[in-house]
Every structure is written in C-alpha cells, then in structure tokens.
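So the structure is just underneath, and the comments pick up after that.
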Amino acid sequence: MRLSQMFGKTLRSEPAEAESVSHRLMLKAGMVYQVSAGVYSYMPLAWRVLRNIEQIIREEMDAAGGQEVRMPVLQPLELWEASGRSAAFGDTLFKLKDRRQRPLCLAPTHEEVITQMAKQHIHSYKDLPRLPYQIQTKLRDEARPRAGLMRVREFDMKDLYSMDLDQAGLDVSYDKMVQAYKNIYKRCGLPALAVEADSGAIGGKDSHEFILIAESGEDRVVRCQGCGFAANLERASGVKPPLEKEDPLPLEEVSTPGIHTIKGLADYLDVPEAKTLKAVFYSADGQVVFVTLRGDLEVNEVKLKNLLRAADLRLATDEEVKAAGLVAGSASPIGITDLKRVADDSIELGSNFVVGANKPDTHFKNANYPRDFRIDVMADIAEVKEGQGCPQCGKPLSIARGIEVGHVFKLGTFFSEVFGAYYLDAQGKQQPIVMGCYGIGVGRLMAAAMEQNHDDKGIIWPVPIAPYQVHICALSMDKPDVQSAADQLYSTLQGEGLEVLYDDRDESPGVKFNDADLLGMPVRLTVSPRNLKSGSVEFTERVTMETRMVPLDGVVAEVKSILANSN
RNA sequence: CGGGGUGUGGCGCAGCCUGGUAGCGCGCGUCGUUCGGGACGACGAGGCCCCGGGUUCGAAUCCCGGCACCCCGACCA
C-alpha cells in the first residue's frame, strides 16, 4: 500500500476525546472513526489488524475441531423470553419491532439459536461432540461504552459452542478451548492470564476469564505470587485475618453520639475496625436484606447476588431503610427478626464485637454470635483485600486491574433443556446435550494488543497481527534514484509475498519517521540518498528501535529472517 | 441510572463573565525555497458557533428546554 493513496491519515495533535492508550493511538493513527457512543467504523489499517486477529482465531478454532457457522443478528424476541434471558439481559438487549409489530431483538450473543440448531441436527450420541463457532457482529446496549474499543455496543466476537455427551466430554472440550485460547493470545502478543471467574446467573460450574494485566482494565484480579492462584475479584476468596478469641463478656450499651461510620466508631471507642461489625442494607429483587460483616471488610456484591440468587441487587435506598425500621449508622442484627439476615463468615473470626444497638447514637460492646443474635444465611460474601492469605497456599494475595480478553464457561444443560436439545444415548435413553461456550472479542483483542505493545511514540504491532509487516520510509522522494530504488524495493518485497506499507509521500523526514513510529509496523526500511550511496537501506526494528545498514540485495533475506524469528 | 465535564472550520483550542460583522495553532490548496526526527515564506480555501424556543434593534455570548459526546460510579456471560 502506498501511503500517499491510503484512505485515512494520522493526526498531529492529540485527540482530546481519548483517555485510554489504545483509544488515543487508534484515533491518532487514523484507524477508527467513531459514529456514536460505542459504535465505530474501521479504517483500512484497523480492519487489516482485525482480519489478522480473526484469522488467527479461526485457525486455532479449526485446529481444535471447530466448525465455522453463521447466525442471524436479527432474532425473534420470543426466543429470548423462552430462555429467560430477555429479563436477564434487561436493557442491554436491543429490542425492536418489525412492520407487523412483532417483537425482535438484535442478538447480544447466540446460545439460543445455536441450541435450536443443535435440536434440529443432533439426535444421537453418534452426532456428538460438535464444536460450531461463529465470528460475527453482536450488539449490546451497554450502560456505558468506554475506552475506545474496550467496551462498545456493536462488536465482532468469536463464540464457540461445545456440544458434548456428558460432563466428561465437556471437560475435554473445555480444556481444548483453554489451550486454543492460550495459543491465540500468544500469537497476538498478549500475556493473558487464565483466572477463575464468576459464571453469572446461568453459568454452570467452571468458568475462566483470560485477563491481560493493565492499569486501564475494568476488571480486578486477585493473584497469589506463591502458588499461581488467580481469580477475578468478583469470585475470589481470601483468608480473612483472624482475631484473638476472647472469653465472651456481657453485652454492654454505650452512647456514641454523632457516630455513623465504622472508622468513627473504631476511633471513638479506641478499638480496631476489625473488632466491629458493620451492617449494610440491600434490595434484592425488591426485598430488603440485612447484611452484616466484620468492620474491616467490604461486601462483595457479586457473591451476595449469587448467594441470594437475586436477579437484581442494589443498595437499599434511604426510604427503604427507613421503611424497614432500620437505624442507619447504628444498625446491627441484634433484635432484627423480620428481615432476611445474611452474614459473612468473618463474624465468627473474633469475639466481643462492637455493633449497633438499633437506636440512634447508641452501640453495644461485646456482641457475640450466636449468643446475642441470629442470622439466616452465613457464607463468604466479603471482598478480598490486598495482603489477605491465598486460599490455596496462604501466601499474601495481590490485586491488579486487568482487561478481560476472553471468557469460557461450562454451561451444562441449561439451554439444551430449555429448547429440548436431546439425543439418544447408546442405551436408547434421552439425554440433554451438555454445552459450553467460549467467547473472545476481536476488537477488544486489538485494543488490548495496543495497550500491551506501545511506547511513547506509538504502536508496536506484534508481527502476526500487524497491518503490514514492512514500512518503507523513502526520504527525498523527488530524487529519482531514491524513488526508483524505493519503488523497486516495494515491488520486490511484495513479490516475495510480504505485506508492505510504502511511504511515498512528499513529506519531510521528521514527518515520515514520526508516522512510522506511530503506525508501528515491525520492520522499517529507510531509503535515502545517504543510504543509497553505500547501496544500502537502513533497517529498523520497531520493538527495539535498533537500526543497522543492510545492503539492498540482502534486504529480503534480512526482513524474512527477522519476521520469522518474531512470530 | 446517579455524579462531574465538554459541545466554536478536519484536529487542538481562544472568544462567552461585560451582547455589536468569528479568531489562533496545526492540518488542507497553490507557488517557491528546503529535505535524516513533526522545515520556511507568500497567497488562499474552509465555520447551520450542537439543536429548538425566548429576551433584545442586535445572541457564539444572556434565559428556558432538549440532544450528543467524554470521564467517575452503578451496570456488564
């Protein structure tokens, strides 16, 4: 591609719009055009990268036994009502009506349809396993699109759906996919980490996310340096620091005027925060729930939501709290009987706690469970804190932000049972197909690759996904010898099957170098009067920015060897 | 959905408070000089000032109402 002919150009000034690195680089490089919040057009450079990533994914899926299919974006809403996911997705599902007023939706993913396809085409144990997959556009009306391509409303995604005889078969498919994903990330230059993930309301037993550790990430990951344990904060557990067990003392009422926070309470009574119990009120599907846990810990809402099997969980409003007869700031489980009471197991890791007295400006000292109060459900519902012990080896845990670049689930038989996708086993008995699903966002992968591979000058494309492998910088294009040498080099490299971006513009060297740095092709070849005097071109690797002179007749071999080694 | 912010040539911004013919830098076009890290000069093109209403002799500017986009949070298979 001659740069002088390319649709799209780079910007000199920093786009004000963009915050995250990948978003800024994409805009500055002229790779994307934003049509609306979370909706983008891809210019040629971005599209080439996306196609490269797609191809890598396709190759790995095929190698793992996948078979590519295509499914509709436009789907009848009733399909989603049948699975219950119209409600589960809520406003995230784009809904519309056709001319006959029939309700339709734009598919955010495709389990419903693929399961129906399975019902139609899989009848016997001999028809299993099957691993159909799709790479296509999905639509989600995200509450808040953000960070360029990181979270968008229209995006290309690969989803593979595994269909197996039984749990053991699912385990095999799952492991295959995990391996395929690792291959994909490696080829895209992404050191992604497999972490245990929350499987959501419908998910089955196992679920893993692949996370790229990055400051700009939306997710938080808990990691153990000792044994390698890693999990999404949403589902991670840590060893909560125990307190010394004391003999229970008698409950004692104390006046705490104007004290409404755990910190204030701990300071006022001169006890550690861990020696208090806090109360938090939630509304779970409209019901107020009383939640208590040790004062030094916070509620993990995902764990709580899963525990309560709630579709909708949020903090209760002041009105709801008041209506339930609770005294915010001085609440405790003592004497609460008409609400569902949930406690974190940390309330057993200690004794003689300070708790609210359920009347204003008053607390109790020396509260002990179960002597002084009852609860309905006790479980681990606390958020892991940095430094807590690893649940597997006890070493301290650390927390980092990360970008979710893939998610795999063992779905089980939820969808096959909803849609009646059964097969007959060897005994002639009807069995539900056991399913899994495995998603990876193509655009997010590109953005993640940029977050991971850049410097202050621009993008550093990993070789396998780079839009072009070679960037020819021709300085002084008006000099006939430069032009003919560069033209020649361009066609020679192309003749060798290499993808080449040729900066043939009449621009100053500074402009060309800066654009080359920004656009980030792995290999740069600088053709200039100076270099040509010695019959050479200057060879620069974008990753290291190391340069060396290479004779014209040795360029092809040099380029090929560098690209081969970087793969 | 809560909180904050911004809408003025392609990009980055000033002007608004205190109403009076819309400005700067970059980019873009032509010509000339330049040519190894975002060159220089001359001339030039390009703007429904987000939209609608109101106030006023007169609105980018003041008032009211919308909309869009960005950021934080909520949300997120």
Side-chain angles (χ1 to χ4, degrees), chain A residues 8-20 23-24 27-28 30 33-39 83 85 88-93 108-112 138 140-148 150-153 155 157 159 161 197-204 206-209 216 218-219 232 234-235 301-302 305-306 311-315 317 404 406-412 414-415 435-441 444 457-458 473-479 482 505-518 524 526-533 537-538 540 545 547:
Chain A
K9 46 176 52 181
T10 59
L11 297 176
R12 285 216 187 180
S13 43
E14 295 293 325
E17 189 104 311
E19 198 85 349
S20 71
H23 192 197
R24 193 167 50 73
L27 290 174
K28 193 164 188 210
Y33 173 81
Q34 182 171 358
V35 175
S36 163
V39 180
S83 67
R85 292 213 300 176
F89 269 93
D91 288 339
T92 304
L93 187 64
T109 175
H110 290 75
E111 283 81 3
E112 279 76 0
K138 310 216 171 192
R140 296 181 188 177
D141 195 357
E142 293 289 348
R144 183 152 94 85
R146 72 180 97 192
M150 280 304 173
R151 180 163 292 280
V152 289
R153 297 194 294 173
F155 56 100
M157 183 165 164
D159 251 328
Y161 306 94
D198 176 53
S199 49
I202 296 167
D206 282 329
S207 173
H208 285 85
E209 281 171 343
S216 59
E218 293 181 288
D219 286 87
N232 192 306
E234 290 178 345
R235 66 155 282 162
E301 294 188 3
V302 174
K305 189 172 174 180
N306 289 343
D312 179 53
L313 180 79
R314 56 173 171 78
L315 282 171
T317 61
E404 179 188 344
H407 201 158
V408 297
F409 289 88
K410 291 185 180 173
L411 293 172
F414 177 84
F415 289 98
M435 296 175 59
C437 76
Y438 314 85
I440 193 166
R444 187 181 281 187
K457 303 289 276 179
C473 263
L475 307 185
S476 305
M477 275 300 283
D478 57 327
K479 301 246 166 54
V482 169
R505 298 171 304 170
D506 181 21
E507 288 287 356
S508 70
V511 170
K512 293 195 174 204
F513 287 139
N514 277 291
D515 276 347
D517 291 342
L518 173 63
R524 178 191 316 172
T526 306
V527 181
S528 73
R530 201 172 82 186
N531 298 343
L532 285 178
K533 270 185 206 147
V537 297
E538 189 177 84
T540 307
M545 287 305 256
T547 69

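Just so we're on the same page: letters track the sequence lines, and every chain starts at 1.
The residue among A:R153 and A:P509 whose nearest nucleotide of RNA chain B is located toward the 5' end is A:P509.
Here the straight-line distance linking atom OG1 of A:T10 with atom CG of A:N514 works out to 9.0 Å at 0.5 Å rounding. Here the straight-line distance linking atom CD of A:E112 with atom OG of A:S83 works out to 3.5 Å at 0.5 Å rounding. Between A:F155 atom CZ and A:M150 atom CE the span is 13.5 Å, to the nearest 0.5 Å.
Checking B:rA14 for Watson-Crick or G-U wobble geometry (two distances, each under 3.5 Å) identifies no partner in any strand. Pair assignment for B:rG38: none, as no Watson-Crick or G-U wobble contacts are both less than 3.5 Å. In this entry B:rG29 has B:rC43 as its Watson-Crick or G-U wobble partner, both defining distances falling under 3.5 Å. Base pairing of B:rU21 is not made with any nucleotide, judged by Watson-Crick or G-U wobble geometry with both donor-acceptor distances under 3.5 Å. Across all strands shown, the partner of B:rG65 is B:rC51, judged by Watson-Crick or G-U wobble contacts whose two distances both fall under 3.5 Å. Figure legend. B:rA59 is base-paired to no nucleotide; pairs are counted as Watson-Crick or G-U wobble with both atom distances under 3.5 Å.
In this model, the phosphate group of B:rC75 is not approached by any side-chain N or O of A:R144 to a distance below 4.0 Å at OP1 or OP2. Proximity of A:S528 to the phosphate of B:rG36: no side-chain N or O atom is located under 4.0 Å from OP1 or OP2. Regarding contacts with the backbone of B:rA68, every side-chain N or O of A:Q34 stays at 4.0 angstrom or more from both OP1 and OP2.
Comparing the C1' positions of B:rC24 and B:rG66 gives a spacing of 32 Å, expressed to the nearest Å. Here, B:rC70 and B:rC63 have their P atoms 27 Å apart, quoted to the whole Å. Here the separation of B:rG29 from B:rG10, taken at their C1' atoms, is 14 Å to the nearest Å.
Rounded to whole Å, the distance from CG on A:D515 to P on B:rG38 is 13 Å. Going from atom NZ of A:K512 over to atom P of B:rG36 covers 12 Å, rounded to whole Å.
Here the side chain of A:S528 pairs no donor or acceptor atom with the backbone of A:L475 at under 3.5 angstrom. In this structure a side-chain-to-backbone donor-acceptor pair under 3.5 Å is missing from A:S36 to A:V39.
In terms of polar N and O atoms assigned as donor or acceptor, the side chain of A:E538 comes within less than 3.5 Å of the base of B:rG36 in a complementary pairing. Below the 3.5 angstrom threshold, one finds a donor paired with an acceptor across the side chain of A:D478 and the base of B:rC35.
Residue-level contact check: A:K305 touches the backbone only, with heavy atoms under 4.0 Å from sugar-phosphate atoms and none from bases.
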